[in-house]
Amino acid sequence: MADAKLIDGKGFAAGLRQRVALGVGEIMGKDLPRPGLATVLVGGDPASQVYVKSKAKTAAELGMASFDHRLPEETTEAELLALIARLNADPTIDGILVQLPLPRHIDTAKVLLAVDPAKDVDGFHPLNVGRLASIAPGAPLDFSVPCTPLGVSMLLADVLGSLSGRHAVIVGRSNLVGRPAAQLLLRADCTVTITHSRTRDLPGLCREADILVVAIGKPDFVRGDWIKPGAAVVDVGINRVPGADGKSRLVGDVAFDEALKVAGHLTPVPGGVGPMTVACLMFNTLQAARRRAGLTSAAA
Ligand code: GUN
């Protein structure tokens, strides 16, 4: 059998960013306020610093106003809540992103609840979590949903067309990826199975998947013989492992070389799902700005 077709997340994300930039231009052309994104990082976690920098920079590149708030590790919960209250009230801001994880002395649930749901471009506010959990099949997404699973569903729709009736198996039940991915694929009329580290006969279940979404955070966890021939495999994992040359390299949660021989479509790591996360954050921010401006927002 021929090797799997690679799913070009990097290319798709570039196209999506271009469409967002056009959307920003359209808003500016109507003399409406410039869409604005506020990013908030508490503490100095190196990976979070890289992510937040990329989010703030991309927003500016697409013509949005970008406000990058960096707070010290010792910031109190009350101080963070006060900043969020200011951002909620600020009419120049359409989207607020509080980078996770927060330091242990801050109650993450309390912080996510404090963000105005209309500005919650991460889709983490309980109101938006509940909206996605109760959405009707095919109903429009007129609120923000989490960026990484949104990117996954966009890539799958792009390469497969209709997802209706396909069996999607999700490996991982996180609030960030697994659960919202399952809900987005249900909305797209997939039959969805959510699996996790305690699932019995995980390889056997994975072998039944027409669509396999893997977000478990373990390098090379899913092997080639877990994959149904021709399946679409989306690898959400980003794991840094030691390479043969002594440097570290990035690998996904799927054993890539093995999967390539069996799958029909496969996302590479890097260059698959990764670039979609930031592009979808920009998409969510544009949609929030369009809703605020009273423009009808095309659903994803
Ligand atoms: N940390 C890891 N992924 C994410 C994300 O998508 N959003 C936020 N806010 N924090 C994260």
Side-chain angles (χ1 to χ4, degrees), residues 9 13 16-17 37-59 66-71 73 75 77 80-81 83-84 87-88 93-104 106-129 132 141 143-155 172-184 213-217 234-240 250 252-253 269-270 272-285 287-288 300:
L16 180 57
R17 288 196 302 274
L37 173 67
T39 49
V40 180
L41 174 62
V42 185
D45 177 65
S48 291
Q49 282 181 343
V50 172
Y51 290 135
V52 166
K53 188 173 168 194
S54 153
K55 290 169 184 181
K57 182 168 160 259
T58 306
S66 174
F67 307 90
D68 190 7
H69 295 267
R70 305 289 177 106
L71 307 181
E73 180 84 23
T75 303
E77 187 179 286
L80 179 57
L81 291 172
L83 171 61
I84 290 172
L87 299 174
N88 283 343
I93 287 169
D94 297 284
I96 302 170
L97 177 129
V98 182
Q99 186 67 22
L100 303 181
L102 289 167
R104 292 163 59 99
I106 295 178
D107 182 343
T108 300
K110 215 165 166 181
V111 170
L112 297 180
L113 190 61
V115 174
D116 179 346
K119 297 189 177 189
D120 166 38
V121 284
D122 253 332
F124 293 165
H125 187 286
L127 180 67
N128 290 326
V129 173
L132 180 58
L141 288 177
F143 55 94
S144 289
V145 301
C147 302
T148 301
L150 178 60
V152 169
S153 69
M154 284 183 183
L155 289 178
R173 53 180 154 176
S174 72
N175 291 332
L176 214 62
V177 183
R179 286 171 204 242
Q183 286 154 350
L184 285 170
V213 177
V214 188
I216 195 138
V234 178
D235 186 352
V236 184
I238 302 178
N239 307 287
R240 200 165 275 286
L250 291 181
D253 292 350
V269 177
V273 174
M276 290 300 292
T277 298
V278 174
C280 285
L281 176 68
M282 302 303 128
F283 175 80
N284 279 350
T285 306
Q287 296 296 73

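Atoms within each ligand, like the ligands themselves, are counted from 1 in listed order.
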Can you list, pair by pair, the side-chain donor-acceptor contacts under 3.5 Å of residues 146-154, counting residues two or more places apart and other chains?
unit_1	atom_1	unit_2	atom_2	d
T148	OG1	T277	OG1	2.8
S153	OG	L150	O	2.9

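- Under a 3.5 Å cut-off, the side chain of N88 and the backbone N or O of D116 do form a donor-acceptor pair.
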As a test of reading the model: which N/O atoms of the protein lie under 3.5 Å from N/O atoms of ligand 1, and at what distance?
unit_1	atom_1	unit_2	atom_2	d
ligand 1	1 (N)	Q99	NE2	3.2
ligand 1	1 (N)	L100	O	2.9
ligand 1	7 (N)	D122	OD1	3.1
ligand 1	7 (N)	D122	OD2	3.3
ligand 1	9 (N)	V98	O	2.8
ligand 1	9 (N)	D122	OD2	2.5
ligand 1	10 (N)	L100	N	3.0

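- Contact check for Q49 versus L41: side-chain heavy atoms found under the 4.5 Å cut-off.
- Taking 4.5 Å as the limit, every side-chain heavy atom of V40 sits out of range of all side-chain heavy atoms of Q99.
- Taking a 6.0 Å sphere around CZ of F143, one finds it holds more than 12 heavy atoms contributed by other residues, nucleotides or ligands.
- In this structure, the side chains of L102 and L80 come closer than 4.5 Å at one or more pairs of heavy atoms.
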